[in-house]
Amino acid sequence: MRKNDFAHQVYKLVKKIPKGKVATYGQIAQQLGKPKAARAVGNALHQNPNPQKIPCYRVVDHLGKIAGNYAFGGGLMQKKQLRAEGIEFKDKNHLKLKYITIF
DNA sequence: TAGATGACTAATA
DNA sequence: CTATTAGCCATCT
């Protein structure tokens with residue numbers, strides 16, 4: 001394993017997502033220079049070597065929807081965490097698209 | 001090395 | 001709205 005893995009880049013970028021905002025897998029992939037690698041980004045987070053350092057709950061799909069119960073405390077906890085950061089939901093599973101951005 | 005898998009995205013019906 | 005098809009890319013077996 002090299003320290004400059006694709007996954008390593010993903011973690012680094014996810015950690016930089018500002019509070020109160022979220023990013024899509026596609027956006028992260030694009031920041032890495034591979035806009036088609038959204039799927040690979042999801043896989044990288046699935047490995048999730050540092051759930052305590054990586055705010056994977058700020059990463060959602062292109063509709064602002066939470067992936068599922070793969071995160072630290074489950075999908076429900078994830079939604080609560082997002083709401084605690086000032087992010088509002090459009091409905092039960094979809095965030096308001098205005099929050100989907102990096103920087 | 002090759003095939004299967006998945007926390008994706010887009011297009012189509 | 002949901003279901004299906006297809007393309008994409010890193011990781012796993």
Side-chain angles (χ1 to χ4, degrees):
Chain A
M1 292 280 276
R2 310 165 214 196
K3 50 182 177 157
N4 279 349
D5 245 339
F6 176 87
H8 179 267
Q9 305 273 6
V10 172
Y11 309 142
K12 202 164 166 184
L13 194 54
V14 169
K15 282 193 269 187
K16 289 178 177 176
I17 300 176
K19 186 172 189 276
K21 294 189 177 180
V22 299
T24 69
Y25 301 94
Q27 272 295 328
I28 293 171
Q30 191 170 10
Q31 290 298 312
L32 295 179
K34 299 182 177 181
K36 307 271 188 176
R39 220 165 172 171
V41 171
N43 279 336
L45 290 177
H46 192 198
Q47 295 180 186
N48 203 352
N50 290 37
Q52 303 186 350
K53 300 235 174 227
I54 303 171
C56 44
Y57 52 83
R58 289 190 189 140
V59 183
V60 295
D61 69 14
H62 70 121
L63 295 176
K65 196 171 155 197
I66 303 302
N69 297 338
Y70 290 89
F72 49 99
L76 183 60
M77 187 68 185
Q78 191 168 10
K79 292 178 197 169
K80 275 185 178 284
Q81 180 64 47
L82 288 170
R83 217 148 82 90
E85 297 196 352
I87 297 173
E88 304 172 273
F89 284 79
K90 180 196 251 192
D91 59 56
K92 200 167 198 263
N93 281 278
H94 297 73
L95 298 175
K96 292 190 178 178
L97 302 179
K98 56 196 275 193
Y99 298 107
I100 301 179
T101 175
I102 301 181
F103 304 130

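Within every chain, numbering begins at 1; the chains are lettered A, B, ... in the order of the sequence lines, protein sequences first and strands thereafter.
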- [ ] Indicate if Tyr99(A) and Ile17(A) have the same hydrophobic cluster label, given that clusters are the connected sets of ILVMFWY residues with side-chain heavy-atom separations under 4.5 angstrom.
- [x] no
Task: Cluster check Leu82(A), Val59(A): I/L/V/M/F/W/Y, side chain < 4.5 angstrom - done: no
- [ ] Spell out protein contact along nucleotides 4-11 of chain C as letters: B when the base is contacted, S when just the sugar-phosphate is, - when no protein heavy atom is under 4.0 Å; keep the 5' to 3' order.
- [x] ---BBBBS
Using a 3.5 Å cut-off and no angle test, enumerate the donor-acceptor pairs between side-chain atoms of residues 25-40 of chain A and protein atoms at least two apart in sequence or in another chain.
none

Task: The single option from Ile100(A), Val22(A), Val60(A) passing side-chain contact (heavy atoms from CB on, under 4.5 Å) against Ile87(A) - done: Val22(A)
Task: Sugar-phosphate, base or nothing in reach of His46(A), heavy atoms under 4.0 Å - done: base
Task: Test item: Asn50(A) side-chain N/O and Ile54(A) main-chain N/O as donor-acceptor pair under 3.5 Å - done: no
Open item on the list: Looking at Ala7(A), is its backbone amide N or carbonyl O close enough to the side chain of Asp5(A) to form a donor-acceptor pair, meaning the two atoms are under 3.5 Å apart?
Closed with: no
Task: Boundaries of the DNA chain B segment in contact with chain A, non-hydrogen, under 4.0 Å - done: dG6(B) to dA10(B)
Open item on the list: If you compare all heavy atoms of Ile66(A) against all heavy atoms of Gln78(A), which two are closest, and at what distance to 0.1 Å?
Closed with: CG2-OE1, 2.8 Å
Task: Minimum heavy-atom distance Lys21(A)-Arg58(A), with the two atoms named - done: O-CD, 3.6 Å
